[in-house]
Protein chains: 2
Amino acid sequence: MRKVPEEMATKMMAAADLFAERGLDGTKTEDIAAATGVPKATIYYYFEGKEEVLSFIFSAVLAAVGEAVEAALRSPGTAAERLSAVIDAHLHVFALHPKASQALHFDLGRAARLPEIRTQTNAAFIDPVASLLAQGARDGSLRAVGNPRLTAVAILGAVSTSAIHVLALDTGDPVLSLTRVITPLVLNGLRPEGGNQ
Amino acid sequence: MRKVPEEMATKMMAAADLFAERGLDGTKTEDIAAATGVPKATIYYYFEGKEEVLSFIFSAVLAAVGEAVEAALRSPGTAAERLSAVIDAHLHVFALHPKASQALHFDLGRAARLPEIRTQTNAAFIDPVASLLAQGARDGSLRAVGNPRLTAVAILGAVSTSAIHVLALDTGDPVLSLTRVITPLVLNGLRPEGGNQ
DNA sequence: GGGGACTTTGGACTACGGTTCCAAACTAAC
DNA sequence: GTTAGTTTGGAACCGTAGTCCAAAGTCCCC
């Protein structure tokens with residue numbers, strides 16, 4: 001993949017709508033060209049194919065998740081409080097890029113087979129949350145768990161599955177309100193023995 | 001879709017491996033024919049195309065989930081205990097049909113666009129769990145939650161995302177051992193106010 | 001202001017694979 | 001033994017992802 005210029009990158013994000021609506025294979029390269037205003041030949045000049053366009057969009061979303069999560073990690077407070085901030089940050093990205101997020105979730109198989117996407121998912125969410133869980137065990141704000149990484153994956157699953165669910169239902173429910181469902185579930189779930197909040 | 005005879009149905013399940021490995025589009029109809037031993041023309045006699053083969057397999061898995069969950073629902077005990085049984089039952093299905101489950105998760109987009117699959121997911125998991133949560137609030141074994149349905153979706157997400165994660169990593173970890181990660185997370189997360197287990 | 005390197009684009013073309021079609025053989029029922 | 005349904009190989013059709021190319025445009029350096 002050639003280095004994608006700023007303007008091209010912006011235009012390409014319009015393809016997220018198509019991918020979210022119809023999936024990668026339901027989307028013709030011509031459609032991408034039409035939706036983004038970038039002619040097919042030009043798309044192929046920059047990308048190896050439509051799968052690479054998809055992964056380009058995914059990368060952008062994952063970068064946004066990564067930044068949001070990182071900022072939340074640096075917020076003040078106990079590990080438990082920061083975990084709650086991370087969940088909110090994650091939900092914010094869904095709210096900000098609903099179509100791209102849906103595309104990411106729906107073409108998960110495609111995505112998961114791309115190594116950079118996999119490492120980016122780890123780096124953006126799983127690693128930070130896993131280490132946060134370890135910190136929580138140390139500072140006493142969270143219960144120690146047997147497998148922090150798997151626990152992080154479970155949290156990721158809970159957040160993203162329900163966010164996608166809400167986006168797909170498309171009742172006007174703001175995704176952010178999910179925090180009222182998820183955060184107590186997770187924080188109580190990881191509440192230190194005997195503790196109460 | 002014509003009524004699929006028993007033997008054909010059994011053979012077709014072999015296609016799950018392909019779908020899990022390469023996804024629907026990475027799988028050629030010829031490959032399906034080769035893997036199942038059913039010639040292409042015969043496949044087209046019974047199914048409208050490969051997407052219908054996929055959805056046939058998904059339906060089978062979801063039916064298995066539905067049965068397992070229903071059995072768990074009928075087990076004795078408080079709602080909390082039955083919720084724990086439901087999670088185990090769900091994990092059992094992943095352990096029993098790993099490839100088909102992976103295919104289901106990876107080609108989720110395809111699946112989610114098929115109305116029967118969507119209703120089957122609701123019927124097999126979301127509805128029962130949501131009503132279990134309501135029961136738990138009544139029998140006092142679980143905290144009352146604002147939105148039982150969304151909470152059920154979050155639980156579903158936690159279970160399936162981490163199960164897929166374990167299956168994909170393909171370290172010999174048995175999927176069933178996930179119960180030690182998920183069940184405490186969920187049950188503590190839904191523990192009634194002030195209660196301890 | 002001319003030349004080289006890179007970018008942009010239209011349009012023709014290729015190749016692959018999903019799907020359709022068909023006709024011959026087979027099976028089962030009555 | 002006739003009819004209805006099934007099974008299959010093989011050929012054909014067709015849409016579309018991806019390739020190729022050549023003409024034009026842009027940018028920068030001298």
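For clarity, every value in this text was computed on a predicted model and none was experimentally measured. Convention: sequence-line order gives letters A, B, ...; per-chain numbering from 1.
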Practice task
Please state how far atom CD1 in A:Ile43 lies from atom C1' in C:dT7, giving the value in whole angstrom units.
Solution key: 15 Å
Exercise for the section: List in chain and number order the residues that pass salt bridge (Lys or Arg N to Asp or Glu O under 4.0 Å) with B:Glu52, two or more places apart in sequence or in another chain; answer none if no residue qualifies. Expected result: none
Exercise for the section: Please list, chain by chain and in numerical order, all residues satisfying ring pair (Phe, Tyr, Trp, His ring centres under 6.0 Å) with A:Phe19, sequence neighbours excluded. Expected result: none
Handout entry: Gap between atoms NZ and P, on B:Lys3 and D:dG5 respectively (whole Å)
Key = 15 Å
Problem - For A:Phe125, all residues meeting ring pair (Phe, Tyr, Trp, His ring centres under 6.0 Å), sequence neighbours excluded - result: A:His90
Exercise for the section: Measure from the side-chain N and O atoms of B:Thr183 to the backbone N and O of B:Arg180, and report whether any donor-acceptor pair falls under 3.5 Å. Expected result: no
Exercise for the section: Would you check if there is a donor-acceptor pair between the side chains of B:Thr78 and B:Asp139 at a distance under 3.5 Å? Expected result: no
Exercise for the section: Report the residues that fulfil salt bridge (Lys or Arg N to Asp or Glu O under 4.0 Å) with B:Arg113, sequence neighbours left out, ordered by chain and then residue number. Expected result: none
Fill in the blank from the handout: Contact check, residues 9-22 of chain B vs DNA chain D, heavy-atom distance under 4.0 Å, returns none
Exercise for the section: May I ask you to verify if any side-chain N or O of B:Arg2 is less than 4.0 angstrom from the OP1 or OP2 atom of D:dG5? Expected result: no
Handout entry: Separation of atom CD in B:Glu7 from atom P in D:dT6, rounded to whole Å
Key = 14 Å
Handout entry: Under 3.5 Å side-chain donor-acceptor pair for B:Gln120 and B:Ser59
Key = yes
Exercise for the section: List the protein contact pattern of nucleotides 7-23 of chain D with one symbol per nucleotide (5' to 3'): B for base contact, S for sugar-phosphate-only contact, - for none; contact means a heavy-atom distance under 4.0 Å. Expected result: BBB------SSBB----
Problem - Linked, directly or transitively: B:Leu156 and B:Leu176 (ILVMFWY side chains, under 4.5 Å) - result: yes
